[in-house]
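Report on one structure; see the data block that follows.
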Amino acid sequence: MSVSRQDNEYYLLQQAHRLEKGLLYTNPRKLWGRDKALKMAALLSGLVEHDKFYYRTAMSVLYKYIQAKKASAYPEDTLLAAEIEDIFAKKNVPLTDYGCGGVLSLTKNEVMMTPYSAIKDVLSTRHSIRSFSDEPVTKEEINEAVRLALRAPSACNRQAFRVYVSDKSCAAICNKPFDIQGEKFLVITGIKTAYNNTELFDWIVSAGIFSGYLSLTLHSLGIGCSVLKKTLKMPQAEEKAIKAYLAIPENEQLCAEIAIGHYPESFSVPYSNRKEPEDVVVFK
């Protein structure tokens with residue numbers, strides 16, 4: 001079962017996030033989320049990849065949804081919960097709460113624990129650099145930067161992007177001259193089949209937001225970077241060469257390239273003057 005050209009994996013994540021948002025309502029309407037939940041149940045009960053991120057996430061959300069329906073004052077909701085449970089029972093698949101979906105209860109103190117000055121320092125001191133130290137960037141450092149950057153918002157929490165780590169730049173892969181000698185190069189792709197046909201180019205937006213977060217998490221770990229955009233209309237031969245070298249599937253689109261390396265002891269950067277809020281903010 002699939003929705004339009006959308007992969008089931010990302011369809012389940014999309015619907016799970018929609019149900020999560022519905023669980024926030026204090027007075028939900030009768031049978032809200034019914035169609036989404038039934039479609040999710042039909043898919044999940046037929047899958048065997050129980051160790052996958054998307055399965056555990058969607059199953060956890062659906063479990064919490066069923067519990068909410070059981071606690072509902074509407075008899076129709078109670079019957080819906082039983083209908084969903086029956087779908088899994090017929091397939092002999094246990095309904096499992098993996099503890100990674102539903103609603104989080106937070107306090108203002110918990111979400112405001114980071115002082116403004118710390119965020120200001122991170123944003124104010126990040127610069128795009130083109131020269132790096134000889135200190136290697138480790139796999140652990142890259143994974144930690146990505147782990148933090150994955151907190152970036154994405155369309156219905158699908159996180160439909162990937163990071164490919166290479167010792168060669170895209171230009172070097174295509175045998176083209178290039179003046180940035182990064183210690184490593186990160187190629188960010190957007191997964192086009194994570195979206196349905198009504199979400200044209202949403203994969204660019206999510207991958208772009210993630211790339212911005214990643215540039216900041218790298219900086220916070222002492223790793224400098226230069227974000228290089230990738231044209232969506234690059235020559236076919238170049239795109240084919242890059243995808244072949246990095247083993248990038250056909251359903252992924254190159255969105256950005258980030259040259260990275262540890263900061264040298266001293267270096268120069270462009271002044272890169274920034275606009276004032278009055279130049280970009282419109283109040284109505």
Side-chain angles (χ1 to χ4, degrees), residues 7 9-10 52-53 122 126-152 154 158-195 201-264 267-270:
D7 291 340
E9 169 184 353
Y10 292 102
K52 299 295 185 181
F53 168 83
V122 170
R126 195 211 73 82
H127 297 273
S128 292
I129 69 171
R130 296 193 169 210
S131 59
F132 306 92
S133 76
D134 295 331
E135 180 184 356
V137 177
T138 67
K139 178 180 179 180
E140 290 73 23
E141 288 174 317
I142 293 173
N143 280 340
E144 182 58 22
V146 170
R147 189 189 318 280
L148 292 172
L150 282 168
R151 301 301 304 174
S154 64
R158 273 169 281 187
Q159 304 165 63
F161 32 73
R162 287 203 176 93
V163 181
Y164 294 84
V165 184
S166 174
D167 292 327
K168 296 177 68 173
S169 68
C170 288
I173 293 171
C174 298
N175 297 313
K176 297 178 64 176
F178 191 59
D179 61 352
I180 299 180
Q181 301 301 316
E183 205 280 317
K184 290 281 190 301
F185 294 87
L186 311 180
V187 174
I188 316 300
T189 67
I191 303 173
K192 295 183 287 186
T193 50
Y195 305 93
F201 297 133
D202 274 16
W203 46 271
I204 303 175
V205 177
S206 289
I209 294 172
F210 170 75
S211 297
Y213 269 59
L214 184 56
S215 73
L216 294 173
T217 58
L218 287 164
H219 172 58
S220 69
L221 291 170
I223 300 171
C225 69
S226 182
V227 181
L228 315 167
K229 75 177 184 69
K230 306 270 35 103
T231 176
L232 299 180
K233 293 185 177 181
M234 68 169 56
Q236 188 175 17
E238 292 183 15
E239 181 178 13
K240 185 175 181 180
I242 295 169
K243 283 190 169 183
Y245 185 86
L246 297 175
I248 298 175
E250 195 57 39
N251 68 325
E252 296 181 28
Q253 172 68 51
L254 278 66
C255 293
E257 179 181 8
I258 305 179
I260 67 172
H262 282 280
Y263 286 108
F267 52 94
S268 297
V269 298

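Heads up: numbering here begins at 1 and tracks the sequence.
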Which heavy atom of [X] sits nearest a heavy atom of [Y], and at what distance?
X    : Y    : result
A207 : C255 : CB-SG, 3.9 Å
A194 : A160 : CB-CB, 3.3 Å
C225 : I258 : CB-CG2, 3.5 Å

Mind checking what makes side chain to side chain donor-acceptor pair (under 3.5 Å) contact with S154, not counting sequence neighbours? none
Other residues, nucleotides, ligands: >12 heavy atoms within 6.0 Å of F267 CZ: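 Count over threshold, so yes.
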For residues 216-225, pull every pair meeting salt bridge (Lys or Arg N to Asp or Glu O under 4.0 Å), keeping only residues two or more places apart or in separate chains.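 Those involving residues 216-225 do not exist here.
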Tell me every residue that passes ring-ring contact (aromatic ring centres under 6.0 Å, His included) with F185, counting only those two or more places apart in sequence or in another chain. none
Restricting to ring-ring contact (aromatic ring centres under 6.0 Å, His included), what partner residues turn up for F132, sequence neighbours left out? none
Please list, chain by chain and in numerical order, all residues satisfying side-chain contact (heavy atoms from CB on, under 4.5 Å) with [X], sequence neighbours excluded.
X    : result
S211 : I188, A256
V122 : L216, H219
F53  : L13, T57, Q159
I209 : A152, P153, V205, Y213

State the [atom1]-[atom2] distance between [X] and [Y], to the nearest 0.5 angstrom.
X    : Y    : atom1 : atom2 : value
F161 : T189 : CZ    : OG1   : 10.0 Å
E183 : I223 : CD    : CD1   : 9.0 Å
I260 : S226 : CD1   : OG    : 12.0 Å
T193 : W203 : OG1   : CH2   : 11.0 Å
Q181 : S169 : CD    : OG    : 7.5 Å
K168 : F178 : NZ    : CZ    : 13.0 Å

Flag, side chain of T217 to backbone of L214, donor-acceptor distance under 3.5 Å: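 A pair under 3.5 Å: yes.
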Taking R126 for the side chain and S215 for the main chain, is one N or O donor matched with an acceptor at less than 3.5 Å? no
With a cut-off of 3.5 Å and sequence neighbours excluded, list every side-chain donor-acceptor pair involving residues 140-150.
from: E141; atom 1: OE1; to: T138; atom 2: N; distance (Å): 2.9
from: E141; atom 1: OE1; to: T138; atom 2: OG1; distance (Å): 3.3
from: E141; atom 1: OE1; to: H262; atom 2: NE2; distance (Å): 3.1
from: E141; atom 1: OE2; to: H262; atom 2: NE2; distance (Å): 3.3
from: E144; atom 1: OE1; to: R147; atom 2: NE; distance (Å): 3.2

Do V187 and C170 have side chains that approach each other closer than 4.5 Å (heavy atoms only, starting at C-beta)? yes
Min side-chain heavy-atom separation V165-V137 under 4.5 Å: no
Listed pairs under 3.5 Å, donor-acceptor, residues 234-250 side chains, sequence neighbours left out:
from: E238; atom 1: OE2; to: K176; atom 2: NZ; distance (Å): 3.4
from: K243; atom 1: NZ; to: E250; atom 2: O; distance (Å): 3.4
from: K243; atom 1: NZ; to: E252; atom 2: O; distance (Å): 2.7

Residues at least two apart in sequence or cross-chain that pass salt bridge (Lys or Arg N to Asp or Glu O under 4.0 Å) with D167, listed by chain then number, are K184
